[in-house]
Amino acid sequence: MQRFVVYGGRHKDRTMTDPNALRPLEAYPSRTSADIRYSDLDRQGHVNNAVFATFSEIGRVAFMYDPAHPLASEGRSFVIARLLIDFRAELFWPGTVEIGTGVVKVGRSSFSLAQGIFNEGRLVATAEATIVMVDKETRRSTPLPTETVDVLKSLMLDNS
């Protein structure tokens with residue numbers, strides 16, 4: 001049986017507030033949506049946990065390849081190095097999810113995104129992903145160009 005854990009706005013260690021659990025959809029600089037498909041359901045009749053990774057991917061792709069905010073430069077692409085998902089509520093078909101995405105950290109060759117996945121205004125999951133820029137030819141990490149860093153910093157989330 002799938003287990004859903006609600007942390008009530010706190011990290012697992014309960015020592016500090018988790019900003020991902022407190023952000024409304026409108027707080028995310030990038031927002032997109034996806035339909036919940038009947039095929040997304042598991043035997044219990046709710047959306048299977050693996051589908052939440054797909055919803056996260058839909059949000060990341062919309063964020064990283066938005067023509068209004070280009071991030072990848074010639075000869076470079078992105079790979080995902082880490083994905084963490086907290087399931088906060090069950091999700092059912094039919095319906096739509098809204099996915100909010102924003103930057104929480106910018107490093108030398110990587111950046112971290114936070115996401116909120118919402119259904120009818122209700123937060124159903126949060127996700128955090130670390131994305132690494134790689135050279136397309138060598139497939140090795142490469143420093144983020146200054147232009148990319150500038151765009152990422154303009155799309156940072158408020159952690160308060």
Side-chain angles (χ1 to χ4, degrees), residues 1-72 78-107 110-133 144 148-160:
M1 182 170 169
Q2 191 173 20
R3 184 173 161 227
F4 291 88
V5 179
V6 179
Y7 295 114
R10 295 190 160 282
H11 282 292
K12 295 172 197 83
D13 65 8
R14 304 235 180 242
T15 58
M16 56 192 271
T17 301
D18 176 3
N20 294 329
L22 301 176
R23 284 189 190 98
L25 178 63
E26 297 74 28
Y28 293 91
S30 174
R31 295 183 290 278
T32 192
S33 63
D35 289 333
I36 300 168
R37 304 168 306 171
Y38 182 78
S39 62
D40 293 336
L41 304 181
D42 62 15
R43 290 181 63 178
Q44 287 78 30
H46 53 67
V47 173
N48 185 281
N49 62 60
V51 176
F52 286 81
T54 300
F55 292 150
S56 175
E57 178 185 49
I58 290 167
R60 284 192 317 275
V61 169
F63 177 88
M64 293 188 307
Y65 298 100
D66 180 351
H69 305 287
L71 295 176
F78 298 110
V79 295
I80 184 167
R82 178 176 178 265
L83 178 62
L84 174 67
I85 301 173
D86 285 326
F87 304 99
R88 299 183 177 278
E90 292 178 295
L91 187 56
F92 299 94
W93 175 86
T96 301
V97 293
E98 293 79 35
I99 307 141
T101 305
V103 179
V104 289
K105 181 181 175 191
V106 179
S110 67
F111 57 95
S112 297
L113 299 175
Q115 296 179 291
I117 300 171
F118 297 82
N119 173 250
E120 297 179 359
R122 172 180 64 116
L123 180 65
V124 296
T126 56
E128 292 183 18
T130 301
I131 311 297
V132 179
M133 180 169 269
L144 296 166
T148 300
V149 171
D150 291 344
V151 171
L152 290 169
K153 287 184 176 181
S154 76
L155 298 169
M156 294 280 293
L157 288 164
D158 180 13
N159 282 327
S160 57

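Residue indices begin at 1 and follow the sequence shown.
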Side chain to side chain contact (heavy atoms under 4.5 Å, CB included) for N119 and T96? Distances and angles first, verdict last. CA-CA 6 Å; N119 173 250; T96 301; 5.6 Å; no
Sub-3.5 Å donor-acceptor pair from the side chain of [X] to the main-chain atoms of [Y], do we have one?
{"X": "Q115", "Y": "S56", "answer": "yes"}
{"X": "T148", "Y": "L71", "answer": "yes"}
{"X": "D66", "Y": "A68", "answer": "yes"}
{"X": "Y65", "Y": "P70", "answer": "no"}
{"X": "R88", "Y": "R122", "answer": "no"}

Trace of the side chain to side chain contact (heavy atoms under 4.5 Å, CB included) decision for V106 with M156: CA-CA 9 Å; V106 179; M156 294 280 293; 4.1 Å; yes
Indicate yes or no: does K153 engage D150 in a salt bridge with an N to O separation below 4.0 Å. no
Taking atom types as modelled, find out whether S33 and E98 have a side-chain donor-acceptor pair closer than 3.5 angstrom.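 No donor-acceptor contact under 3.5 Å links the two side chains.
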What are the two closest non-hydrogen atoms of [X] and [Y], and how far apart are they?
{"X": "I85", "Y": "A127", "answer": "CG1-CB, 4.2 Å"}
{"X": "L157", "Y": "A114", "answer": "CD1-CB, 3.8 Å"}
{"X": "I131", "Y": "R60", "answer": "CD1-CD, 3.8 Å"}
{"X": "I99", "Y": "A34", "answer": "CD1-CB, 4.4 Å"}
{"X": "I80", "Y": "A129", "answer": "CD1-CB, 4.1 Å"}
{"X": "L152", "Y": "F63", "answer": "CD2-CE2, 4.1 Å"}

Could you walk me through whether L91 and H46 pass side chain to side chain contact (heavy atoms under 4.5 Å, CB included), step by step? CA-CA 6 Å; L91 187 56; H46 53 67; 5.9 Å; no
Give the ring-plane orientation class for F52 versus F87, where under 30° counts as parallel, over 60° as perpendicular and anything between as tilted.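 Perpendicular.
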Side chains of I36 and V47: closer than 4.5 Å at any heavy-atom pair?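 They are in side-chain contact.
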Does any part of the side chain of T32, heavy atoms only, come nearer than 4.5 Å to the side chain of I58, both counted from C-beta?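 Sidechains of T32 and I58: in contact.
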Atom CG of L25 and atom CZ of R31: how far apart are they, to the nearest 0.5 Å? 5.5 Å
Rounded to the nearest 0.5 Å, what's the gap from CD on E128 to OG on S112? Could you check?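 Between E128 CD and S112 OG, I get 7.5 Å after rounding to 0.5 Å.
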Validation row, ring centre F111 to ring centre F78 under 6.0 Å: yes
